[in-house]
Amino acid sequence: MQNTNIFNELRKASPLISVGMLTADLLSLGSELKLMEQAGVKLLHIDVMDGCFCPMMTVGPPLIKAMKTPLLKDVHLMIDEPLDKVESYLAAGADMITVHAESGMHIHQTLQSLGKMANANHSDRGVLRGLALNPGTPIEVIEPVIDELEMVFLLAVNPGFAGQKFIPSTEQRIIKLKKLIREAGKDVLIGVDGGIKKDNIADVVAMGPDIIVTGSAVFDGKTPLENAKYMIETVDNAAKTCNKEDS
Ligand code: DX5
Ligand code: ZN
């Protein structure tokens, strides 16, 4: 299922932001989502935490289902043993599902079964499968599962909380991941998640990821619309600069 429609859409739009909803105003979620649409955001990053894989508990399938939006739902599962749980997130409308390499005994099987499942929003859109790696997990863990995923998310913070600081070794990890993907002859999207703010997003774009998760810098409790626009514009400009330098 490498070439799902979502994969092609994202490959074309890369690099782009996925806005983390963790610090959005959940009691005004409808209007927060509208602001993201207005800003031109394409992906909503929804952090699911179960209080076991990481200490906090956040949202589950009912809230994801309640989010009425044309934006793609990029669901990041920070939950233990996701194998039997992924189906309910798809049923709730997830377009992209990321599980953690550290979260279960059956990661290959989880990705494999996700590859056979349909997108509940549009059956022809496909499901984009992601694998997330904590900052302390070796990049090589993707080798045995590389045929069963379309995206790898590198966490640039330890999972669990918004507003942390970007871990600098992430840059070297992106380089290593790109090399591994190239040598495997695959086309896999690379995401970076955590600690990406206004003052470092251009530097992160220069590291070459496709999807850049930014949460608390957008939903800062003040000006989410302006913040999202700023992030999109900065990513577009930084990408142009990188392309010029490459050619
Ligand atoms: C960390 C989450 C991230 C994070 C993003 O556990 O996966 O998505 O909350 O938020 P910021 O941008 O505030 O680091
Ligand atoms: Zn996340």
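Just so we're clear, the structure is a prediction, and the values are computed from it rather than from any experiment. Each ligand, and each atom within it, is numbered from 1 in the order the structure gives.
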Q) How about K85: does its NZ atom have over 12 heavy atoms from other parts shown lying under 6.0 Å from it? A) yes

Q) Sequence neighbours excluded, which residues qualify as salt bridge (charged side-chain N to carboxylate O under 4.0 Å, His left out) partners of E32? A) none

Q.
Could you identify the single nearest non-hydrogen protein atom to atom 5 (C) of ligand 1 and state the distance to 0.1 Å?
A. D193 OD1, 3.8 Å

Q) Would you say the side-chain atoms of Q164 pair up with the backbone N or O of N158, donor to acceptor, closer than 3.5 Å? A) yes

Q. Looking only at atom types and distance, does a side-chain atom of K73 sit under 3.5 Å from a main-chain N or O of M67, one as donor and one as acceptor?
A. yes

Q: Flag yes if I196 and I167 sit in one hydrophobic cluster, no otherwise; membership is Ile, Leu, Val, Met, Phe, Trp, Tyr, and two members link when side-chain heavy atoms are under 4.5 Å apart.
A: no

Q.
Looking at every non-hydrogen atom in both residues, tell me the closest pair between M36 and P224 and how far apart they are.
A. CE-O, 3.7 Å

Q | Over all atoms of both residues, closest heavy-atom pair of D80 and C52 | A | OD2-CB, 3.4 Å

**Q.** Flag, side chain of N200 to backbone of G195, donor-acceptor distance under 3.5 Å
**A.** yes

Q) Looking at the Zn ion (ligand 2), which N/O/S atom of D47 is the nearest one? A) OD1

Q) So which protein heavy atom does atom 13 (O) of ligand 1 come closest to, and at what separation? A) S216 OG, 2.5 Å

Q.
Does any N or O of ligand 1 fall below 3.5 Å from an N or O anywhere on D47, backbone included?
A. yes

Q: Distance to 0.1 Å, residue and atom name: give those for the protein heavy atom nearest to atom 6 (O) of ligand 1.
A: G160 N, 2.8 Å

(Q) With heavy-atom distances below 4.0 Å as the criterion, list the atoms of ligand 1 near H76. (A) 7 (O)

(Q) Suppose I only count heavy atoms of L22 and a 4.0 Å limit; which atoms of ligand 1 are within that range? (A) 9 (O)

Q) In terms of the angle between their ring planes, are F53 and H100 parallel, tilted or perpendicular, with boundaries placed at 30° and 60°? A) tilted

Q. Under 4.0 Å from any heavy atom of G163, which atoms of ligand 1 are there?
A. 11 (P), 13 (O), 14 (O)

Q. Hey, which atoms in ligand 1 end up nearer than 4.0 Å to a heavy atom of H45?
A. 8 (O)

**Q.** Which segment of T214 sits under 4.0 Å of ligand 1 when only heavy atoms are counted
**A.** backbone

**Q.** Atom indices of ligand 1 within 4.0 angstrom of G194 heavy atoms, with elements
**A.** 14 (O)

Q. Can you give me the OD2-the Zn ion (ligand 2)-ND1 angle for D193 and H76, to 10°?
A. 90°

Q) Can you tell me the protein heavy atom closest to atom 12 (O) of ligand 1 and the distance? A) G215 N, 2.8 Å

Q. Which of the listed options, A217, G195, A132, C54, holds the heavy atom that is closest to atom 14 (O) of ligand 1?
A. G195

